[in-house]
Amino acid sequence: MSYNFKEIEKKWQNKWEKEGTFNAKNDYTMKKWYGLIEFPYPSGQGLHVGHPRSYTALDIIARKRRLEGYNVLYPIGFDAFGLPAENYAIKTNIHPRVVTAQNIEHFRQQLKSIGFSFDWSREINTTEPDYYKWSQWIFIQLFKNGLAYKATMPINYCTGCKVGLANEEVVNGVCERCGSPVVQKEKSQWMLKITDYAEKLLKDLDDVNYLEKIKIQQRNWIGRSEGAQVKFKIANSDEELEVYTTRPDTMFGATYMVVAPEHPIISKLQNKITNMDEIEKYKEETAKKSDFERTEIEKDKTGVEIKGIKAINPANGKEIPIWISDYVLITYGTGAIMAVPAHDERDFAFATKFGLPIIQVITNKENSVSVEKEAYVSKEDGYVINSDFLNGLSVKEAIDKMIKFLEDKKIGTKKVNYKLRDWVFSRQRYWGEPIPMVHCEKCGWVPLDEKDLPLVLPEVEEFKPGENGESPLAALNEWIKTTCPHCGGPAERETDTMPQWAGSSWYFLRYIDPHNNKEFASKEALNYWLPVDWYNGGMEHTTLHLLYSRFWHKFLYDIGEVPTKEPYAKRTSHGMILGGNGEKMSKSKGNVVNPDDIVEEFGADTFRTYEMFLGPFDQATPWSMESLRGCSKFLDRVWNLQTILVDGDSYSPDFDKMMNKAIKKISQDFEDMKFNTAVATLMTMLNEFYRLKRINKAEFSTFLILLNPIAPHISEELYSIIGNSKTIAESSWPTYDEAKTIDDEIELPIQINGKLKGTVIIVKDSEEDVVKQLVHDKISNLIDGKNIVKEIYVKNKIYNIVVK
RNA sequence: GCAGAUGUGGCGAAACUGGCAGACGCACAGGACUUAAAAUCCUGCGGACUAACCCUCCGUGCCGGUUCGAUUCCGGCCAUCUGCACCA
């Protein structure tokens with residue numbers, strides 16, 4: 001018999017909403033637990049089945065924590081600024097605010113229908129002035145502390161639409177919408193100096209409980225390296241070219257230099273350069289490529305020699321040519337490299353293509369290295385040759401000696417470098433937080449007075465970005481004209497807006513005290529709730545959102561605004577849910593599953609159970625309608641346990657053991673996010689109840705509490721039906737007796753030569769001679785007359801006999 | 001190219017710290033109930049061998065190694081997925 005999930009789920013959801021069952025308490029004497037999921041971007045498509053995977057997982061932990069007596073904060077909100085709403089506005093001229101409000105309403109209703117235990121009283125929305133006031137406030141603090149600055153950075157510029165584009169909108173070098181070529185266009189933009197925090201962001205990873213793969217990804221992204229920064233003189237000139245290298249030991253093998261096409265040395269020395277035409281042409285071609293293309297495509301190296309100037313290798317004083325090539329990026333290091341083709345793969349490819357000299361300076365112990373066909377890049381067991389005063393040293397020794405040489409001569413220093421780049425914070429867009437800065441002729445860039453926040457996003461007629469890649473706000477002359485907060489003279493507002501990352505970089509702080517209009521959150525509340533105890537989200541956010549929000553938080557810590565160094569004590573990650581065909585769900589593939597349909601047909605509890613059962617939580621798994629029905633059947637069987645409900649005590653000690661083991665297993669599985677095996681354990685329990693055709697009230701109640709975090713509605717309903725006066729939400733998490741989880745008899749496997757030949761029942765912790773006798777009796781027919789070489793007994797695990 | 005991950009039945013998967021490979025579920029097959037179907041319940045279900053059962057052998061992407069014993073550890077390959085900023 002099926003149960004009426006529609007009625008039951010509605011009933012409990014209404015009760016929870018009416019009573020505020022899951023709202024966090026303002027009792028700061030209680031032990032607390034703060035669980036966080038990545039708040040959704042309210043897209044027009046509505047909730048994806050991927051969202052509930054993460055939300056159900058932490059909902060399970062949140063519900064368990066409440067039953068364990070914690071004051072739980074499990075909040076929800078909407079990250080509602082963003083491109084899709086703006087692009088929709090451009091098409092339809094409907095204000096993004098209107099569309100966003102509709103989408104949020106839809107999301108809210110969808111989320112509520114799944115029965116998450118969110119504290120809805122703390123819902124936030126990044127597009128509300130009350131919220132982004134504080135995003136702007138934090139930006140001003142960053143500016144005041146020298147961490148926000150203006151710099152000229154390229155944007156993607158569509159030559160057809162004449163607007164700036166996000167990376168996402170550039171597909172294969174052309175505009176996604178009109179197909180016109182996209183070029184890089186220089187633009188003055190706000191930058192945030194995340195690189196100042198590189199060392200802290202790296203080091204403090206040691207103190208947080210993130211999945212190891214997340215730490216590794218962040219470390220690689222920050223990309224700390226040690227090396228040397230070295231000045232190369234330009235022959236017959238006062239100019240110098242500075243390079244960064246991690247291999248100063250190979251400097252005698254540097255046979256040429258390469259600078260990024262955008263490098264300022266070119267314009268500085270243009271009078272000496274004899275092939276400016278050729279260089280300009282190459283620069284133009286480079287501008288057509290996004291960074292993405294320059295780095296992604298496995299292509300032949302291209303480049304142009306800068307004729308008329310030469311550099312001097314400071315190691316040996318030899319003149320070497322200077323080239324430009326797009327494989328050198330202006331944004332990393334100094335934008336220039338010394339090329340050592342014998343010991344760097346890219347340099348090797350470049351030198352081979354353009355016939356540049358290759359000088360080997362590193363060999364191995366056996367001196368069997370050849371750099372005829374490929375570069376020798378190993379740093380281990382390398383020894384220096386052909387390098388004057390470095391000859392015979394190991395790579396490590398040579399690095400130190402060369403750095404000392406450079407420092408003595410004052411032409412170079414030891415230098416730590418990071419791959420991490422500063423954060424481009426300007427967007428030439430409408431639907432974002434206005435940047436609260438004005439430009440005054442006299443005072444330069446000045447932040448708004450904090451009492452004048454929020455700087456409200458003004459109304460516009462036209463959402464289309466302006467020509468030349470300006471923001472739509474650039475057309476609002478009246479709005480732009482303002483007075484300088486510093487000197488009172490005429491000034492102009494910044495017209496770019498913040499990126500979507502801004503609102504999400506600190507939202508977890510606002511949840512803590514969402515209605516505070518004096519501060520982003522009170523000190524008292526921050527002290528109590530921080531840090532976030534557990535944050536679950538997608539791996540795709542590891543290097544951007546996760547790092548950005550750590551950066552903002554660390555900054556706020558340094559200026560005394562938050563009490564913890566790190567925002568998140570623990571970070572875990574969920575795998576993607578794929579379509580039934582094993583491919584990523586997408587409209588074009590027609591394999592999208594809509595959560596609403598599942599909830600409508602099978603109910604929220606089945607949906608939640610299936611999302612947790614479908615596979616290991618951290619791995620990508622395909623959706624299967626058949627398996628979903630299996631979960632529906634499971635809940636029907638749970639409902640029908642009522643038919644075998646009996647009075648009386650536990651059935652047997654063994655049965656009691658099964659219950660204790662299950663409590664232990666499920667409790668631990670939840671903590672380890674092994675939800676699939678937790679569900680499997682519940683199914684096994686259920687099978688056992690039916691096998692014995694009995695369950696008493698105490699057992700049923702325990703079973704329902706264990707099931708409750710996964711399937712909260714049906715479990716509450718049954719809990720009440722079987723006569724409990726309190727609800728599960730008012731009860732506590734079951735405990736188990738460790739002694740009752742241990743078997744006193746063990747079925748010991750017997751192997752001969754590592755192959756299973758049988759089993760024997762032994763008393764737990766039996767001594768070897770006792771077991772030996774039992775084993776020999778059991779398999780005497782297999783070992784009689786055989787030459788026993790060795791016998792291995794691993795207590796309570798295995799007995800293995802080696803025969804010849 | 002770099003980085004991270006993954007690879008186990010027809011399918012999703014499980015397996016503690018190196019110790020009985022395949023728990024749980026789906027699909028499938030047979031049976032019960034039913035006038036019949038659906039639903040439900042019961043039984044079986046890695047492969048080879050076998051009429052069938054037992055036995056035996058093979059089996060965790062491939063090749064090798066360590067070990068009494070390897071899905072698990074080590075080396076080398078192959079394939080797939082994800083991310084990327086050619087990171088000097």
Side-chain angles (χ1 to χ4, degrees), chain A residues 1-2 167 212-214 216-217 219-221 223 225 227 243-247 250 258 290-299 301 325-329 331-340 343-347 349-350 377 417-421 538-540 542-544 575-576 578 580 582-584 609-610 613-616 618-631 633-634 636-637 640 668 674 676-687 690 747-759 789-794 796-803:
Chain A
M1 194 185 79
S2 306
N167 281 339
E212 199 51 35
K213 63 178 173 183
I214 296 174
I216 291 169
Q217 251 190 54
R219 283 195 194 107
N220 288 347
W221 186 264
S225 67
V243 303
Y244 173 74
T245 176
T246 54
R247 294 296 302 274
T250 63
V258 186
S290 62
D291 258 17
F292 192 70
E293 277 184 292
R294 277 169 72 165
T295 58
E296 180 205 45
I297 296 170
E298 291 171 42
K299 58 171 165 66
K301 296 281 178 281
S325 174
D326 60 8
Y327 81 92
V328 173
L329 299 182
T331 43
Y332 181 76
T334 60
I337 62 158
M338 65 173 207
V340 184
H343 305 290
D344 181 283
E345 281 167 24
R346 281 154 305 144
D347 297 345
F350 192 84
V377 296
N417 217 9
Y418 302 93
K419 287 189 216 170
L420 185 69
R421 310 201 297 228
M539 277 309 281
E540 69 274 20
T542 302
T543 50
L544 298 175
M576 224 188 306
L578 307 170
E583 292 179 324
K584 206 169 160 170
T609 306
Y610 177 61
F613 185 61
L614 90 177
D618 61 349
Q619 264 170 245
T621 321
W623 185 269
S624 154
M625 273 309 185
E626 285 73 32
S627 292
L628 180 89
R629 288 196 187 92
C631 290
K633 201 163 98 177
F634 164 65
D636 283 342
R637 277 161 62 83
N640 291 330
Q668 192 56 48
K674 288 159 102 176
N676 52 337
T677 54
V679 175
T681 304
L682 288 164
M683 288 171 168
T684 307
M685 287 174 89
L686 185 78
N687 291 342
Y690 275 110
E747 194 185 4
L748 189 80
I750 305 166
Q751 295 183 333
I752 294 177
N753 291 342
K755 290 193 175 164
L756 184 73
K757 293 294 169 183
T759 62
V789 181
K790 201 173 172 186
E791 296 186 40
I792 299 130
Y793 171 54
V794 182
N796 303 329
K797 290 278 189 198
I798 201 139
Y799 199 98
N800 190 14
I801 302 172
V802 186
V803 301

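Labels below follow one simple rule: chain letters A, B, ... track the order of the sequence lines, proteins then strands, and each chain is numbered from 1.
- Rounded to whole Å, the separation between the C1' atoms of G64(B) and A14(B) comes to 28 Å.
- Remark: G9(B) base-pairs with no nucleotide in the shown strands. Criterion, Watson-Crick or G-U wobble with two distances under 3.5 Å.
- Checked by atom type and distance alone, the side chain of Thr250(A) pairs as donor or acceptor with a backbone atom of Arg247(A) at under 3.5 Å.
- A32(B) and U40(B) make up a base pair, with Watson-Crick or G-U wobble contacts both under 3.5 Å.
- If you measure from atom CZ of Arg637(A) to atom C1' of C41(B), you get 9 Å, rounded to the nearest angstrom.
- Regarding Ile798(A), its CD1 atom lies at a distance of 14 Å from the P atom of C68(B), rounded to whole Å.
- In this structure, Asn676(A) reaches the A14(B) phosphate: one of its side-chain N or O atoms is under 4.0 Å from OP1 or OP2.
- Judged by Watson-Crick or G-U wobble contacts below 3.5 Å, the nucleotide G1(B) has C84(B) as its partner.
- Counting only heavy atoms from C-beta on, Val328(A) has its side chain closest to A88(B) among A88(B), A14(B), G4(B).
- Remark: Thr609(A) OG1 to Leu682(A) CG distance equals 9.0 Å, nearest 0.5 Å.
- Using atom P as the reference point in both A48(B) and G59(B), the two lie 15 Å apart (nearest Å).
- Checking C49(B) for Watson-Crick or G-U wobble geometry (two distances, each under 3.5 Å) identifies no partner in any strand.
- Residue contacts for Gly223(A): at a heavy-atom cut-off of 4.0 Å it reaches no nucleic acid atom on any strand shown.
- Residues Asp618(A) and Lys213(A) approach most closely at O-NZ, 4.1 Å, considering heavy atoms.
- Here the side chain of Ser627(A) is nearest to one of G19(B), A14(B), G25(B), namely G25(B).
- With Tyr690(A) contributing its side chain and Arg637(A) its backbone, the two residues share a donor-acceptor pair below 3.5 Å.
- Using a 4.0 Å cut-off, no side-chain N or O of Asn800(A) falls inside it from OP1 or OP2 of U67(B).
- Whole-Å rounding puts the Asp326(A) CG to C87(B) P distance at 13 Å.
- In this entry the distance linking CZ of Arg219(A) with P of A85(B) reads 22 Å, nearest Å.
- When the C1' atom is compared between U60(B) and U8(B), the two are found 4 Å apart, to the nearest whole Å.
- Between A15(B) and Lys674(A), a contact under 4.0 Å exists linking OP1 or OP2 to a side-chain N or O.
- Distances were taken from every side-chain heavy atom of Asp344(A) (C-beta onward) to each of A88(B), U82(B), A13(B); the shortest belongs to A88(B).
- Across the C1' atoms, U6(B) and C62(B) are found 16 Å apart, a figure rounded to whole Å.
- Considering only the side chain of Asn220(A), A3(B) comes nearest among A3(B), C26(B), A85(B).
- Taking side-chain N and O atoms only, Lys790(A) has a distance below 4.0 Å to OP1 or OP2 of C68(B).
- No contact: Asp347(A) has no heavy atom under 4.0 Å from any strand.
- Closest approach to the Thr246(A) side chain among A88(B), G25(B), G12(B) is made by A88(B) (side chain taken as heavy atoms from C-beta onward).
- Ile337(A) comes within contact range of at least one nucleobase, with a heavy-atom separation under 4.0 Å.
- When the C1' atom is compared between G76(B) and U82(B), the two are found 24 Å apart, to the nearest whole Å.
- A straight line from CD of Gln619(A) to P of G4(B) spans 17 Å, rounded to a whole angstrom.
- Pair check for U67(B) finds none; no Watson-Crick or G-U wobble contact set falls under 3.5 Å.
- Between Ile214(A) and Gln217(A), the closest side-chain pair of non-hydrogen atoms is not below 4.5 Å.
- In this structure, Tyr610(A) and Thr684(A) both approach RNA chain B, and ranking their closest nucleotides by distance from the 5' end singles out Tyr610(A).
- By the 30° and 60° cut-offs, the orientation of the rings of Trp623(A) relative to Tyr610(A) is perpendicular.
- G61(B) has its base anti relative to the sugar, with a glycosidic angle deviating from 0 by more than 90°.
- Within the structure, a side-chain polar atom (N or O) of Lys633(A) is placed less than 4.0 Å from OP1 or OP2 of C26(B).
- Checking A14(B), C24(B), A85(B) against the side-chain heavy atoms of Leu420(A) singles out A85(B) as nearest.
- Comparing the same atom, P, in U34(B) and in A29(B) gives a spacing of 23 Å after rounding to whole Å.
- Among the protein residues, Glu540(A) comes within range of no part of the nucleic acid, since none of its heavy atoms lies under 4.0 Å from any strand.
- Residue Lys797(A) places no side-chain atom within donor-acceptor reach of the base of C20(B), judged by atom type and a 3.5 Å distance cut-off alone.
- Nucleotide G22(B) has no partner under the Watson-Crick or G-U criteria, as no pair reaches both atom distances under 3.5 Å.
- Among Asn800(A), Val803(A), Val802(A), Ile801(A), the single residue meeting the side-chain contact (heavy atoms from CB on, under 4.5 Å) criterion with Glu791(A) is Ile801(A).
- Close to G25(B), at under 4.0 Å from its OP1 or OP2, lies no side-chain N or O of Arg629(A).
- Between A13(B), C20(B), G25(B), one nucleotide has an atom nearer to the side chain of Phe613(A) than all others, and that is G25(B).
- Within 4.0 Å of Gln751(A), counting heavy atoms only, lies at least one base atom of the nucleic acid.
- Only the C1' atoms considered, A70(B) is 42 Å distant from A88(B), to the nearest whole Å.
- Across all strands, Ser624(A) comes closer than 4.0 Å to no nucleic acid atom at all (heavy-atom distances).
- Note on Leu686(A): nothing from the nucleic acid sits closer than 4.0 angstrom, heavy atoms only.
- Within the nucleic acid shown, Ile792(A) comes within 4.0 Å of at least one base atom, counting heavy atoms only.
- Base pairing of C62(B): its partner is G76(B), meeting the Watson-Crick or G-U wobble criterion (both donor-acceptor distances under 3.5 Å).
- Formation of a donor-acceptor pair under 3.5 Å by the Tyr799(A) side chain with backbone atoms of Leu748(A) is not found in this model.
- Comparing the P positions of G47(B) and G65(B) gives an interatomic distance of 30 Å, to the nearest angstrom.
- A15(B) makes up no base pair with any nucleotide shown, lacking Watson-Crick or G-U wobble contacts both under 3.5 Å.
- In this structure, the side chain of Thr621(A) engages the main chain of Gln619(A) through a donor-acceptor pair within 3.5 Å.
- Remark on RNA chain B: of its neighbouring residues Val802(A) and Tyr690(A), the 5'-side contact belongs to Tyr690(A), judged by nearest-heavy-atom nucleotide.
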